[in-house]
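Accompanying notes for the structure given below.
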Amino acid sequence: MNIVYAVATIFITINYGLVLQGIIGKVYARVATRIGLRIYQPYINIIRQWVTRTSINHGIMYYLGPVFRFTGGGGILIFLPVIYGAPFFSSFSSAGDMLLIMYFMFLGTLGMALGGGESGHPYAAIAVTRGLAQTTAAEFPLILAIFSIVTQYQTLDVNQIVAAQQGSVLNWTLFTNPLATIAAMLAFLGSMMRSPFDVVLAPQEIPIGPPTEYQSQFLAMLMTNRTIFPVAKTILYVNLFFGGVALQDSWLLTFVIFFLKTFFVYMWSVFVGVSFPRFRVDQSVRWFLKAPAALGVLAIIFVQTGM
Amino acid sequence: MTSTIAMTTGILLVLIGLFAILTQKDLIRIIVGFSIFDIGVHVIMISIGYISDATAPIIENLSQLGQSYVDPVPQALVLTAIVIGLGISAFMLTFAVFMFKKRGSLDINSFRDLKW
Amino acid sequence: MVEPVYLIVVALGAAFSLGLLRKAGFVMHHLVLLLSLATMTAISAQWTVGLFTGSVSPAAIPTAGFSPPISINLQMGKTEGFLTLLVNLSVFLSSLFMIKTVKRRSVYVPMLMLVFASGLNGIIMTRDLFNLFVFIEIMSIALAGLIVLNGDIQQLGAGFKYILAGALTSGLMLIGIIFTYHTTGSLNIDTIANALTPELKAVGYAGLFLIFIGVLIELKPFPVNGFGLDVYESAHPAVGAVVSAGAATATLYAFAKIAIMSGDLFLELSMVVGAVTFVGMNVVALQQKIANRLLGYSSLSQVGLLVLVWSLVKWQNIANGDLIVLGLLVTHAFAKATLFWLSGIIQKEKIEDWGIIKQRIYLLFPFAIALLALIGLPPFPSFFAKWELIMALAANQSHLAIALILGGSLVEAVYLMRWFGHAFKNTAAEDETLSVSFCQLLPVFAGGLLLIGLGYPASLLSATASPIPWMLTAFVLFTFAMEFLPAKIKNIIVMAAIAWYGYPLLTTIGGYRVIFAGIFVIGALVTMIPGFSHKGNRLGFYPSLTMMFAGLIGIIEAKETMSFFFYWEMMTVGSYFLILRGKNSKPHALSYFLFSLGGAYLILAAFGYSFGQTTSVSLDTLSQVASTPYAALVMLFLSIGFMTKTASVGLHIWLPGAHAEAESDVSPMVSGILLKAGIFGLLMTFIALGDQKIGFVDIAYVLSWVGAISALVGNYLAAMQEDAKRLLAYSSVGQMGYALFGLSLMSHLGWLGALSLSVIHFTYKVILFLAVGGIVYRLKTKNMYEMGGLIRKMPITFFAVLVSIIALSGIPPLAGFGGRWVAYNAVIEKGWMLQGAIIGFSGIIAFLYLFRLIHTIFLGQLKDAHRKVKEAPLPFLLPQMLLIGLVMFLSSRPHTFLAPIGEIVKEFKPDGALTWTGPLAQSHLGYWDGVMVMWVFMGLFAANFALLFIMNRRAQPVKQFNIVYAAERPARPETTHFAYNFFAPYRRALGFLEYPLATHFFDGITDFLHAAAGFIRRLYTGNGQTYLFQIVAFVVVVFLLANGGF
Amino acid sequence: MIKKALAVLLLAQLCTILFSFLSVYQEPTSLNAVSSHYIHNEPKELGAANAVTAVVVTYRGLDTLGEVTILFAASVVVGLLMFLHKNESAPRRDGSELLKTGASLLFPLILLFGAYVFINGHLSPGGGFQGGAIIASALMLTILANPNRHVGHGFFWAIESISGFVFVLLGIAGLVLAGGFLDSRVLPPGTFGHVASAGLIPVIYIFVGLKVGAELSSVVLSLHGKSEGGVQHHD
């Protein structure tokens, strides 16, 4: 039964992610005073790739890259309790706690990097090195923030963290541990591949970065993952810092809350992205290790000293 | 008193010899310095055994045993020491001869092939 | 029993009779010489055996039929018997050695040798002050003659300086003797000793002092030993050998007699002089490049050590004192003689030129034995002597003495092992050949064998510990005996032996030891498989390897501190030789050795203090130290000592080079297995001592920071390497940092994490080093930017690397995650968040180097030069596959190893253990079900793969250059393979982490020592007169020192 | 100059060490136990009139063997150096006729005197060393007078070796037949004050004298550089 739930979760999230992408496209266009593409354009894109006939293959790792990638993205989603209290949306969250999710995120990245690497295209490797470099730095404040809230809640179980935030808006980590939340949200920017931290994808502007050599179904699978991965990550943040999404009396209300919370958290990166120019990698590495890291350290100190 | 004078003389000889050893550059002079030093040592040795108004420890006949004799031990020792000193002097002189043959110099400063 | 006086009589009679046999020819001369020396050796051997077995009692031999003090008397006790045996044997062997090496043969040399021998025996046996002087003079003159064996100007100069200095000191001594005769009325040493009342001591002080200082100068203390150094440098090596083994030994005993006679009057002085000499000579020796002079420095420093130790033993009344001194003495004598003989065979002035020794490769064995014995490593007598000494000193709380002795030994190891490195690694000019004769080999090997053989009796005589288990050592020795066999057969024998010894061990040992025993035994078997790819007989490899693994198993088995330390050192030595075998590993092996030795000395000191506090040598009672004032110190010393092995930051600088430059099948051993010995030691320490504070500082807390920074720096540096093996080596620094951090948490979960990491690290680091080893084997380069695209050429290796980097990075579902999960739980539980965050940060940095490793080697563009490269050889692949099987098993059923380890840890840290429900682990913070994760992963992976495969099974394979490349195709793989300076932006951001602080620190120390050596050795101007000046000044200064007259 | 000043400074300090003994030195008024044993018991025990000789040859005989050995070693070393550097000396100017004649006249007399000194060593001042030195001086005189004269070295070697060997044998005789190594009481003490008295002492002293004479002579010969040196072997 869990398997069915898991597949359903993934399917719903894909759709949600596609819609979100459409909206974001619009936002970007409007900020740049363009009209922008149709809101369902992502659907068209992804379907087109899935049904493309021609396809080339650079080798086994190249072939498995997207598989790893999608396994990673999907895995996070089903290890996460998406909606608190609903077994339907927390299918395999009993397999592990937050640490599992944090570490599982890297599986897809690694597979992707390896697949791109086997294509032999230098841009793939360049993008990966940049991405990895930036990620290491961005994760540091996140680790600090998570240590802070784990100390605060004395658990690593995402369900329990969500549970602890129920009752009132003021119970959200956002309010009980604002420093950790800020540190984490700054780290969040680094992992969303948007400006000012999107130099990772700069090679993309020449051809298209790590997926440079991917096309057709390979690309389709990557794009599919690209729709669910940010959503999954957003859900994690919502769970940790914004009270999570508890199952309400009505499923509709639940979904509305889910939509609103994930949307705004997601949009945070979009808004920052449209407002700030891009950092070089070394700049962003240093940036993450300064203010966000300091906030993270403060968050830990506050929690540990009980202030 | 006699022995103190002898000993002082010995010590002075030792010091004179040492001064020569420490300041002379010439190998032969250093060896001469050593001989003086050695003689000084021997004088000190022999002075130790001296007893005032005693005679040499040669017993003319057994009836004289009650007489006062000086200590025979330092004399025996000094005999050995002299011979050893002689051996060493001969030894050093031989070395000096061959060192001169090899290098054409007797200056101790010119034998610094080995150092550090 | 033959009368001991015959020791002198035989020598002199033979010497005199040789004058008659002048024309009898060279063979006859040497026959007489060797026969007489053999007779003397036999006489002293007879006495020694008799005295030590108790079948005869010590003899006092009056001469001339009168009892002392009327006449001169000799003595033959245990010490005399042993020492005469030692000097006679060394003179005998040296005479044998000379047969072929002396260029211009004459009757004079045998005569002088015999006179010299009679002098030595006389010095040792006589109990008369003046007679002692006479024999010293006999020895000096004979020696001065032996120096000029070739008669060149250097020898003449050295001989002259020597005799000049001797004449001066003997003159002073004579004055002293006659003064003392005046004061005490006797020349008999024992009578004088009894007669010396405190008043007489005051009255006769000048005399006693002059005798003392005379004998002391005969021992050539620093800095008045320039003349002695010249002797060592210029003399024929066989003469050097007898000076070192014979003259030094006899003079030391003369010194001991005088010091005892003076009744404690000069013990402090001789301690100071001995210590200054030991340290001073070792430091100055650092700058020395000439082999024989270096041996001279080493000899004089050892004599200084012996003076120091002997005085300490008397001063502190150390129970086993004679044994300590004799152990050091006999080791020094035979080791130094062996080295001199070797020098006579090699005939190379500079130590850099000793590479020629490899033309007779077997000579490396006695060479190594002699050097190791000098340093005091097992199984030589000096090891046991040093052990006993440190135990006693620590018990008496002589901190300064311990520091001086161990510090000086460390400096000594620098130049000795540097020398070995030159000999082992340098290559000789091709046109040179090394000729060796039987007469030369016999002494050299006799010396080596004696050193080994004497180790056993020395080990039995320890006052503090029960004998060490010899089984493993015996097997190590056996491997020397089977060196002639082909490598493959030796490989099988050693593997079989390890399996045979290891299996019962694994089933019986129990406790936390079983984890490490498993790593060591299984690791040994697995990592030895690649050895089958070697042809020939791989000389020296198997003894070293066996030494290392015997050491590792030995420390597991050890029940007492001494056997632990014994095998710890043996492991260090074995691994040093293994590392040294690498092509460019000379400096790295040296620094490995020195760091290990430094660490070992700290461990030794810690064991000493522990013994001093608890009077127990059992490892089980180490915990009793915890309640003594020395707890923190012992903990600190042990921790730092073991951290040199785990290469924690600051002490890590040896590791990258050592691991990277080692041979392909050695790197996995040293990196995957050997490092765990440090973890084992740390765990042992932590179990015994727990939390200790120095002042307000918690040691464990400091160590947690060290661990975290090690992890960060190690991982960061790994990411910046271009050399694949260096990358892996730095990775080990980082990984051991994790382990240290885990241990320092001092909690159940922390230890569980560290231990599981140790197990897993073993698997993937061995795989990675073997994989890279296989690649290097095929490609002949270690630079990753020269590789690329090898996935198609070496798919199996690629798979192995892929699995192990996933395991290493801790990404679920593979086994590495378990350790991480436990570790973070532990961090949060403990609350050491900042270190924990750094650990987390470095964990992510690990992705950098892992990706770099796999990408630049296997992915990207295949180079033209590698188009015909084959998959790595089977002996490399087989162990990888075995270990991958292990990794996969551990990954799919993580509870099968985590739960038992947890049980083991519970014994020491019961609180906070995990609860296991089947595969589901629960801590009080979180939960994790490894099996479910595995299933989810497999399910998702299979589904995705199926989906993709169904959709595009007709995907068309394309060629290498078929990529979107600015509307063109790349022409050369080199320009397209992105590999060099892979993480340039990262370096721009965090380059300060690369600042080699530790390297600069240690370089600073070595530079300082070398500069000091360069400065101090200017004392040795080469001018004989300056030396005389120094002697007089020395006499004066020591006198003032003794009387507070400054 | 600085060197000399430094030397003076150091020697001044050394002087204080030596004078620290002298300042408390008191001349003994009587013999100590050991020396009084030598004086009072020696005549009965050994029977030598010269107590110093008794001490040198018997009581401290080992020292004497040692010093003979030292001289032996010195002469061996000189021989060795000669052997290593042979053919390196130039001809010298001959001595005058007067000198030559005088030397050959004195030569046997000096030898006789030397022999007298060591044969009577146990009775009067003198002994083996003194006698030996006198003998060597005879040879030296001859050499100085005839610098280019060839003197056989082998003879001295033979004497030296034989007497040294006999000395050792006599020592062993003491060990076997009497109380210990070098015990002179192998022969009866004889009449006190006669030449044939004091047991082995005169015998030993004869050989010591021969040996010392031979040794010093061979040193002198070697330094002179006109002997044929030892037997040489070449590879």
Side-chain angles (χ1 to χ4, degrees), chain A residues 3 50 55-59 61 66-67 70-71 74-75 78 92 94-100 103-104 106-107 110 113-114 117-122 125-126 128-130 132-133 135-136 139-140 143-144 147 150-151 154-157 207 212-213 216-217 221 280-282 285-286 297 300 304, chain C residues 789 791-792 802 806 809-812 817 820-821 824-825 827-828 831 833-834 836-837 840-841 844-845 847-848 851 854-855 859-861 925-929 932-933 936-937 939-941 944-945 948 951-952 954-958 960 962-965 976-978 982-983 985-986 988-990:
Chain A
I3 297 170
W50 272 115
S55 174
I56 60 166
N57 176 13
H58 281 280
M61 206 58 224
V67 178
F70 194 48
T71 307
I78 58 178
F92 284 98
S94 62
D97 51 29
M98 193 152 56
L99 294 172
L100 175 69
Y103 264 94
F104 211 74
F106 290 106
L107 184 74
L110 181 69
L114 295 179
E118 205 193 1
S119 71
H121 202 293
I126 291 172
V128 172
T129 63
R130 291 179 180 183
L132 275 176
T135 311
T136 59
E139 292 283 328
F140 188 54
I143 294 169
L144 291 167
F147 277 167
V150 170
T151 314
Q154 278 301 309
T155 180
L156 280 161
D157 185 346
T212 302
E213 279 295 305
S216 64
Q217 288 82 13
M221 194 164 239
R280 282 204 317 268
V281 173
D282 55 318
V285 166
R286 268 178 297 202
V297 172
I300 287 179
Q304 281 194 331
Chain C
I791 179 170
R792 295 193 187 198
L802 179 64
I806 294 177
S809 59
I811 295 176
F817 177 70
R820 302 299 152 91
W821 183 79
Y824 285 113
N825 269 295
V827 172
I828 295 159
M833 302 296 182
L834 297 181
F841 182 38
I844 309 167
I845 291 180
F847 289 118
L848 299 186
F851 177 69
I854 196 161
H855 174 87
L859 307 176
Q861 300 284 347
L925 288 166
Y927 56 92
W928 165 61
D929 185 336
M932 191 194 278
V933 174
V936 170
F937 168 80
L940 267 176
F941 192 86
N944 290 335
F945 182 67
L948 191 62
M951 297 297 286
N952 77 348
R954 279 193 294 272
Q956 182 192 4
V958 292
Q960 183 178 355
N962 193 342
I963 55 174
V964 185
Y965 193 74
T976 323
H977 187 54
F978 180 66
F982 207 56
F983 293 109
Y986 214 65
R988 274 204 297 279
L990 293 178

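Numbered from 1 within each chain, the chains take letters A, B, ... in sequence-line order. Computed from heavy atoms alone, side chains included, the values below leave out hydrogens, waters and symmetry copies. Every value quoted in this text rests on a predicted model; they were computed, and no experiment measured them.
When heavy atoms are compared at a cutoff of 4.5 Å, I791(C) approaches chain A solely by way of its side chain, counted from C-beta outward. Heavy-atom distances place the side chain of I78(A), and not its backbone, under 4.5 Å from chain C. Contact of L114(A) with chain C is made through backbone and side chain together, with heavy-atom distances under 4.5 Å. Of the two parts of V933(C), the backbone and the side chain both hold a non-hydrogen atom closer than 4.5 Å to a non-hydrogen atom of chain A. Residue contact with chain A, scored on non-hydrogen atoms closer than 4.5 Å, involves the side chain of I828(C) exclusively. The parts of L107(A) that come within reach of chain C are both its backbone and its side chain, each placing non-hydrogen atoms under 4.5 angstrom from that chain.
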Open item on the list: Using the rule given for side chain to side chain contact (heavy atoms under 4.5 Å, CB included), can you reason through F70(A) versus L948(C), listing the C-alpha separation, both sets of side-chain angles and the distance that settles it, and then say yes or no?
Closed with: CA-CA 11 Å; F70(A) 194 48; L948(C) 191 62; over 6 Å; no
Open item on the list: Test side chain to side chain contact (heavy atoms under 4.5 Å, CB included) on L110(A) and I854(C); report intermediate values, then the result.
Closed with: CA-CA 11 Å; L110(A) 181 69; I854(C) 196 161; 5.6 Å; no
Open item on the list: Could you go through L99(A) and R820(C), starting from their C-alpha distance and side-chain angles, then the distance that decides it, and tell me whether this counts as side chain to side chain contact (heavy atoms under 4.5 Å, CB included)?
Closed with: CA-CA 8 Å; L99(A) 294 172; R820(C) 302 299 152 91; over 6 Å; no
- [ ] Kindly indicate, with the supporting measurements, whether the criterion side chain to side chain contact (heavy atoms under 4.5 Å, CB included) is fulfilled by T71(A) and F937(C).
- [x] CA-CA 7 Å; T71(A) 307; F937(C) 168 80; 3.7 Å; yes
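Between W821(C) and L100(A) there is no side-chain heavy-atom pair separated by less than 4.5 Å. Side-chain contact between P985(C) and R280(A) is absent, with no heavy-atom pair separated by less than 4.5 Å.
The closest donor-acceptor contact from the side chain of Q956(C) to the backbone of I56(A) lies at 3.5 Å or more, if one exists at all. In this structure, D97(A) contributes its side chain and Y927(C) its backbone to a donor-acceptor pair below 3.5 Å.
Most heavy-atom pairs under 4.5 Å with chain A: of the set H855(C), R792(C), M951(C), this distinction falls to M951(C). Interface remark: of the candidates F847(C), F945(C), W928(C), F983(C), F847(C) forms the most heavy-atom pairs closer than 4.5 Å to chain A. Here G810(C) is the residue among G840(C), S809(C), G939(C), G810(C) with the most heavy-atom pairs under 4.5 Å with chain A. With respect to chain A, the highest number of heavy-atom pairs below 4.5 Å among I811(C), N952(C), L940(C) belongs to N952(C). Contact count versus chain A (heavy atoms, under 4.5 Å) is highest, among I844(C), I806(C), L848(C), N825(C), for I844(C).
Distance check: Q861(C) CD to E118(A) CD gives 11.0 Å after rounding to the nearest 0.5 Å. The distance from atom CD1 of I845(C) to atom CG of L132(A), rounded to the nearest 0.5 Å, is 11.0 Å. With rounding to the nearest 0.5 angstrom, the NE2 atom of H58(A) is 12.5 Å from the CG atom of L859(C).
Between F147(A) and Y824(C), the ring planes lie tilted relative to each other; the angle falls in the 30° to 60° range. Ring planes of F817(C) and Y103(A): perpendicular class, angle over 60° (limits at 30 and 60°).
Put simply, the residue from T136(A), T129(A), V281(A) that forms a side-chain contact (heavy atoms from CB on, under 4.5 Å) with Y986(C) is T136(A).
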